Each structure stands twice: as structure tokens, then as C-alpha cells.
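Nothing here was measured: the structure is a model prediction, and the numbers come from that model.
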Amino acid sequence: MVRNSFISVISQKENEENRGSVEFQVFSFTTKIRRLTSHLELHKKDYSSQRGLRKILGKRQRLLAYLSKKNSVRYKELIGQLDIRETKTR
């Protein structure tokens, strides 16, 4: 419940600001991932959605890697806010 209210606050704030920022893109990918994950729990053999989920996961992973290289403070803050576990970078 807290996470959903936090996400709605972010989306309202970001809609007014920069939609092209890395944080907003990661946020939108995270919401898509959560929506597709709940869909795939019901429809286990929906292979098209599985492929789309893997593509979105890859895009988010690349954006997070970029953000961790450019600004580690913003990266750690975003990971904490979206409740994404930190991935190991090279």
C-alpha cells in the first residue's frame, strides 16, 4: 500500500517535470514490469508477454547501469525509492 501511494506521488510529480529523465524511464519500466508480472501469474503460457517482460527488464537494467556509472547517489536513491534490489555492476 505504501509503495503504491509513493509511486502515484512520483508519477504526478514527474508528469509535470522531465519525462525523458533516467529516473522517470526506470520508474515507468518498473510499473510495466510489475503489471506484466501480475499478468503472467495468471497466464503462465503467454509467451509473447514473457518476451516483452524480458525486453523491458533488459532496458531497465541498462538504464540502471548507466545511472550507476554517471551518478551513484541518484542510483542508490532510486533503487531505494522503487524498492528494487541492487544489481551488481562490473
Side-chain angles (χ1 to χ4, degrees):
M1 183 85 152
V2 173
R3 184 178 1 185
N4 290 338
S5 64
F6 175 74
I7 289 174
S8 65
V9 168
I10 287 179
S11 65
Q12 290 173 358
K13 184 179 91 171
E14 290 293 332
N15 277 338
E16 298 168 2
E17 293 181 11
N18 188 5
R19 292 183 184 199
S21 68
V22 176
E23 288 90 351
F24 183 77
Q25 290 180 38
V26 170
F27 163 73
S28 64
F29 286 145
T30 302
T31 55
K32 287 180 185 180
I33 288 168
R34 290 185 178 142
R35 191 175 65 238
L36 276 172
T37 303
S38 65
H39 168 78
L40 287 171
E41 288 175 356
L42 296 173
H43 307 283
K44 294 183 186 343
K45 295 191 176 186
D46 188 355
Y47 299 115
S48 299
S49 293
Q50 287 178 8
R51 180 174 184 261
L53 177 62
R54 284 193 300 267
K55 289 181 74 144
I56 293 172
L57 283 169
K59 287 180 184 179
R60 184 179 75 175
Q61 185 177 7
R62 286 191 301 271
L63 280 172
L64 287 172
Y66 168 79
L67 188 61
S68 69
K69 289 177 187 173
K70 293 294 180 183
N71 193 341
S72 62
V73 174
R74 284 175 39 198
Y75 168 75
K76 290 179 182 177
E77 184 178 300
L78 183 65
I79 293 291
Q81 286 176 346
L82 292 179
D83 195 26
I84 303 172
R85 63 182 171 88
E86 185 171 344
T87 57
K88 291 185 178 182
T89 55
R90 298 177 193 175

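With sequence neighbours left out, R74 forms a side-chain hydrogen bond (donor to acceptor under 3.5 Å, both in side chains) with E23. Applying the side chain to side chain contact (heavy atoms under 4.5 Å, CB included) test to K59 and every residue at least two apart in sequence or in another chain returns F29, R62.
Between atom CD1 of residue I33 and atom OG of residue S38 there is a gap of 12.0 Å, rounded to the nearest 0.5 Å. For the atom pair R34 CZ and L36 CG, the distance stands at 12.5 Å (nearest 0.5 Å). Annotation: the span from I79 atom CD1 to S72 atom OG amounts to 12.0 Å, rounded to 0.5 Å.
Side-chain contact between K70 and V22 is absent, with no heavy-atom pair separated by less than 4.5 Å. With contacts defined as side-chain heavy-atom distances shorter than 4.5 Å, the pair V26/L67 does not qualify. The closest side-chain heavy-atom distance from D83 to T30 is not below 4.5 Å.
Residue pairs satisfying the ring-ring contact (aromatic ring centres under 6.0 Å, His included) criterion with at least one member in residues 41-72, sequence neighbours excluded, are listed as follows: H39-H43.
Minimum heavy-atom separation, F24 to N18: CB-O, 3.9 Å.
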Side-chain donor-acceptor contacts of residues 48-57 below 3.5 Å, not counting sequence neighbours, with atom names and distances?
from, atom 1, to, atom 2, distance (Å)
S49, OG, D46, OD2, 2.8
Q50, NE2, K44, O, 2.9

